[in-house]
Amino acid sequence: MLTNTQSFVEKAAQLILDSNYTCAFTGAGISAESGIPPFRGEGGLWSKYNPEVLEMNFFFAHPLASWTVIKEIFYNFFTGVSPNHAHLALADWEHKGYLQSLITQNIDQLHFKAGNKEVYSFHGNSSQLICISCHQSVEATPNLLSVLPPLCNICGCVLKPDFIFFGEGIPEEAYRQSVKAAQKSQLFFIIGTSGEVSPANQIPVIAKESGAVIIEINKDKSLYTNRISDFFIQGKAGDILPEINQFILQTKAKTL
Ligand code: OAD
């Protein structure tokens with residue numbers, strides 16, 4: 001594993017131009033510069049809140065207590081947030097044919113808002129709620145969340161966010177597509193994720209074992225850094241991704 005930010009940014013640009021299938025795998029760090037705090041590390045959500053609110057047993061036993069925190073974390077923080085330079089760079093890459101797919105652990109919808117289309121939401125999404133009894137799916141509107149816990153208008157049972165809680169299975173289609181993308185990747189970016197949550201943290205390992213070159217972008221070292229990353233570019237995603245873009249433009253200009 002090599003680290004040397006400036007030349008690796010240049011190298012990343014060249015690898016993107018040479019790759020026939022590039023995939024990005026993102027975590028909470030990519031949304032930090034949009035104002036959404038990550039889960040772990042300094043100022044992380046799990047240092048302020050008890051993660052038990054995302055455990056099914058706790059949710060079933062204490063829906064109001066669980067929802068009070070869930071609303072604060074996942075709905076108040078997400079209100080009015082916009083994609084940052086990192087999200088926009090990835091959308092640009094997809095648009096220009098440099099990025100074939102994007103796997104995200106984030107439930108904030110910011111990759112969709114930025115314009116990416118080929119996105120696999122590994123942990124589900126926060127924009128829909130699902131009834132724990134009749135499984136009706138409804139949009140998570142401010143009106144519905146004004147009284148907690150929100151209830152199903154068909155059967156009256158509690159509604160749960162349509163993202164996964166600890167111990168719940170990964171949405172089947174997102175899992176299947178993510179594994180397929182990892183296996184096909186020639187180039188695989190790991191951006192802003194600690195690598196602490198399983199089974200999501202196995203997806204980059206699948207990419208590595210399938211022969212992809214792994215480029216990691218993170219403010220700090222992660223569980224991937226000294227294990228599977230071929231290149232570690234240390235810095236904020238919102239700075240590094242636009243820098244890579246600059247080098248792509250320069251490299252292309254040279255070859256014209
Ligand atoms: P974490 O909070 O565990 O990790 C965030 C990572 O982003 C850390 O490695 C930080 O160093 C890095 N980071 C922070 N700011 C950054 C920036 N501006 N640029 C680049 N990197 C930055 O978040 P995840 O790995 O995404 O699950 O956590 C995985 C899952 O754990 C989440 O999807 C969530 C949580 O429990 C669910 O909500 C189901």
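Starting from 1, each residue takes its place in the sequence as its number. Both counts, for ligands and for their atoms, begin at 1 and track the order of listing. What you see below is based on every heavy atom in this structure, not just the backbone, and it leaves out hydrogens, waters and symmetry mates.
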> If you measure only the distance, is there a donor-acceptor pair under 3.5 Å linking the side chains of Gln177 and Ser101?
Replying inline: no

> Between Asn116 and Trp93, is any side-chain donor less than 3.5 angstrom from a side-chain acceptor?
Replying inline: no

Below 3.5 Å, can you tabulate the donor-acceptor pairs from side chains in residues 150-162 to any protein atom, sequence neighbours excluded?
from   : atom 1 : to     : atom 2 : distance (Å)
Asn153 : OD1    : Gln136 : NE2    : 3.3
Lys160 : NZ     : Phe163 : O      : 2.8
Lys160 : NZ     : Glu168 : OE1    : 3.0

> Quick one: do Val69 and Val147 end up in the same hydrophobic cluster if we chain Ile, Leu, Val, Met, Phe, Trp and Tyr together by side-chain heavy atoms under 4.5 Å apart?
Replying inline: no

Ligand 1 polar-atom proximity to protein (N/O, under 3.5 Å):
from     : atom 1 : to     : atom 2 : distance (Å)
ligand 1 : 2 (O)  : Phe39  : N      : 2.7
ligand 1 : 2 (O)  : Arg40  : N      : 2.8
ligand 1 : 3 (O)  : Arg40  : NH1    : 2.7
ligand 1 : 3 (O)  : Ser194 : OG     : 2.6
ligand 1 : 4 (O)  : Ser194 : N      : 3.4
ligand 1 : 7 (O)  : Gly192 : O      : 3.2
ligand 1 : 9 (O)  : Asn218 : ND2    : 3.0
ligand 1 : 11 (O) : Asn218 : OD1    : 2.7
ligand 1 : 18 (N) : Glu33  : OE2    : 2.8
ligand 1 : 19 (N) : Ala237 : N      : 2.9
ligand 1 : 21 (N) : Lys219 : N      : 3.4
ligand 1 : 25 (O) : Thr193 : OG1    : 2.6
ligand 1 : 25 (O) : Ser194 : N      : 3.0
ligand 1 : 25 (O) : Ser194 : OG     : 3.4
ligand 1 : 26 (O) : Ala28  : N      : 2.8
ligand 1 : 28 (O) : Arg40  : NH1    : 3.2
ligand 1 : 31 (O) : Arg40  : NH1    : 3.1
ligand 1 : 31 (O) : Arg40  : NH2    : 3.4
ligand 1 : 33 (O) : Gln105 : O      : 3.2
ligand 1 : 33 (O) : His123 : ND1    : 2.9

>> Would you compute the distance between atom CG of Asp108 and atom OG of Ser127 and round it to the nearest 0.5 angstrom?
In response: 11.0 Å

> Gly238 and His85: which non-hydrogen atoms are nearest, and at how many Å?
Replying inline: O-CB, 3.5 Å

